[in-house]
Amino acid sequence: MVDGIHFLGIRHHGPGSAKNVRAYLEELEPDVILLEGPPEAEPLLPGVLHEQMKPPVALLAYQPDEPRRAVFYPFAEFSPEWQAMCYAMKKEVSLRFFDLPLVHHLALWKEREEQAEVGKTGEEGECDEVQGEASATETPEKVREVAVPELLPVDPFAHLAKAAGYDDPELWWEVNFENRQRNEEVFAAVKEAVSVLREYFPKTDRETLLREAWMRKMIRAAQKEGFKRIAVVCGAWHVPGLEKMPTQKEDNELLKGLPKVKVECTWIPWTYDRLSFRSGYGAGIVSPGWYDHLWHYPDDDGTRWMSKVAALFRTKGMDISVAHVIEAVRLAQVAAALRGLPRPSLEEYNDAVTTVMGFGDPILLQVIREALVISDRMGSVPDDVPKVPLLVDVEKLLKRLRLPLTTEVKEFQLDLRKPMDLERSIFFHRLNLLGIKMARPLRVDGKGTFKEAWSVYYEPEQTLAVIEKAVWGNTLSEAVIAYNTHLSKDITSISELVDLLERVIPADLPALVEEMTSRLDALSASTTDVLEMMKTIPGMVNVVRYGSVRNLDYGKVNDMLNAMMARVLAGGVLACTNVDEDATTEVMERLVAVDYAMATANQPGLMEMWTELVNKIREARGSHPLLSGYCTRLLRDKNILGYEETAQTLSYYTSPGNTASDTAFWFEGFLKSSGTILLLDDQLWDLVNSWLATLNDGSFMELLPILRRTFSEYSLPERRKLGEKAKGTSAVKRVNAESEAFNGEDARRVIPLIERLLGI
């Protein structure tokens, strides 16, 4: 204590520190509490006692004009800051956040980013908020800064732990603070330890110096206002810097001319796994679930914790008895005694679980870690906290569609024929169009277009993503329309625009579709790249087909599709002639995709233009043999090219006048993805088999690499059946349309029934 100022050096998110802070405040009964935190968030303090406020939660502070620049201040029930806030609100004691205001903090962050862009910062190292304990301030993105030599590492207590013989600073802290029964003078002990550390690491980064100067300024202001009992709750690392005050003039000089930006704050739900180190946040703790247990059951001798472990294992189908629990508790207590500990720590309990329940296999600890040590607990905040309108609209939609926010991954199988499932699908698609990955599409087995599957789970960063997109509209539909209209105007490729249009259609936004369709019409009219148009056609076919499934009219897109197909027909042959091998591979990919699209489009006019183009490519003298072979196969599959014409084309490319590579390329295209057809079509088999049988040894060895590459694309069962057929032992059943066993009249009678079954 210095002149009525009581310094309470804490560790963020520590139940021991939280217990000590609460006890100290109840005994001191301070006039004012100065708490490390952003002053801009003080208007949100009354929400701490709201019945809907359930930790873990976080203060989110962001720059409205650049929401990606934001910081989180997470709190659990066992956070010392949270207990200080609860005490102040219940006792109606004045509480002030006295850290450097975020209007300056975020402005300094912006300055560092601008300096990094122009190359003014060095590459000597990285320096985040360097302080004696993990900071409560979190950022979604780390910014590189110039590091000051000999700065304190992120966790200074690791040095104290190492000096005490501990490899794990977390365990050292738990043994000395969380499991401590008598806590008299604990804050004085922490201050003494940190003072020694600060002498050992005398250099401090600029931001910490600014923060401590501002904190001292706020302490002086509280003294001038006449407060006699001032409780200062801050990170332990700052205590020596606040206790030994320089002159007021020196601090004012340091704080002069700080830049400013506009800042807004709100409460958001947080999760226990976001308090852990594994989430990537430097202010985390490795065992929030365990600390929660220590907070609620400080006198547990291990029986309650081991009972939780046993219950968890039983849900996994493991045979865990009461005897296992008793023996595990005893073993943990004995291990603690042998190690000179007053009571078992998490390490002793984990060792006991491994020995008694896992029979020496530590794999069980991973199950405990996920479910108990870390836990999937998620907090909640009041509905009336300040929020941007878009976030309010999204939360209303979540409630109406019965989609509770949870850290647990939930999968939804949607049937689009049901109104509620259709609305959920539209909601998920709209979120994805805004870049909010709350719901991720999953693969659906089957061919029904009315089915969708989604994986849904919540991450705190999604709230920030919603706030970031709030500039585009106050409701979800408005924001999606405005944002994607902006995106479409910057797109110059018709294939990219069609890809975006495909994602927009399921979101049920006719106005946006109309806007993008007009943009697509104008863009396609100015496009002369045939390959780009071929790349676009499959997407346009999907647009037309999906529109019919969703009962939407995309006649205009269909008209553009027909016009684009006509333009491809006019220039497609030129794009396929006199091209090298690399370009041929790209053209082949386009041909395969367009052929599949034409088959699914089921439009005679489009199919007629497509088959005409395929035939022209096959007949063109300058066509690459790979493309000619593939086009020959396509026409053969569609019964447009008969056996004799196919044989003539084969004979042409296998004649002595052609190089072996041309022959091989032609066969590669001709046999592409045709393993099953070779098995069932005797005529096609005879063509291929006869040609291979006539090759001499030299030609066969020259063609073998390309032939192997072609046949390697077939599935293993197809290759095995082809081998059996070549040996004459295949049991594949085949029907020859020209054999006497085939009755055409009977077949024609079946066709109407099949059409009825297929809904044609």
Quiz item: Is D99 salt-bridged to R211, going by a charged N under 4.0 Å from an acidic O?
Solution: yes
ask   = Do E395 and R400 sit within salt-bridge range, that is, some charged N less than 4.0 Å from a carboxylate O?
value = no
Note to self: Any carboxylate oxygen within less than 4.0 angstrom of a Lys/Arg side-chain nitrogen, looking at D31 and R229?
What the structure shows: yes
Q.
Over 60° means perpendicular and under 30° means parallel, so tell me whether W267 and W82 are parallel, tilted or perpendicular.
A. perpendicular
In this structure, OG1 of T475 is separated from NZ of K396 (nearest 0.5 Å) by 11.0 Å
Self-check item: Pair R220 + D251, salt bridge at N-O below 4.0 Å
Solution: yes
Is atom CD of E92 surrounded by more than 12 heavy atoms (other residues, nucleotides or ligands) closer than 6.0 Å?
no
Sidechain N-carboxylate O distance under 4.0 Å for K91, E26: no
N484 side chain vs V480 backbone, donor-acceptor pair below 3.5 Å
yes
Just by distance, do the side chain of R424 and the backbone of L401 share a donor-acceptor pair under 3.5 Å? yes
_Would you call the rings of W270 and F72 parallel, tilted or perpendicular, taking 30° and 60° as the class edges?_
tilted
### Message
Would you call the rings of F78 and Y272 parallel, tilted or perpendicular, taking 30° and 60° as the class edges?
### Response
tilted
- Item | Note: E66-K110 ion pair, threshold 4.0 Å (strictly below) | yes
Q.
Counting the benzene-type ring for Trp, do W295 and H13 have ring centres under 6.0 Å apart?
A. no
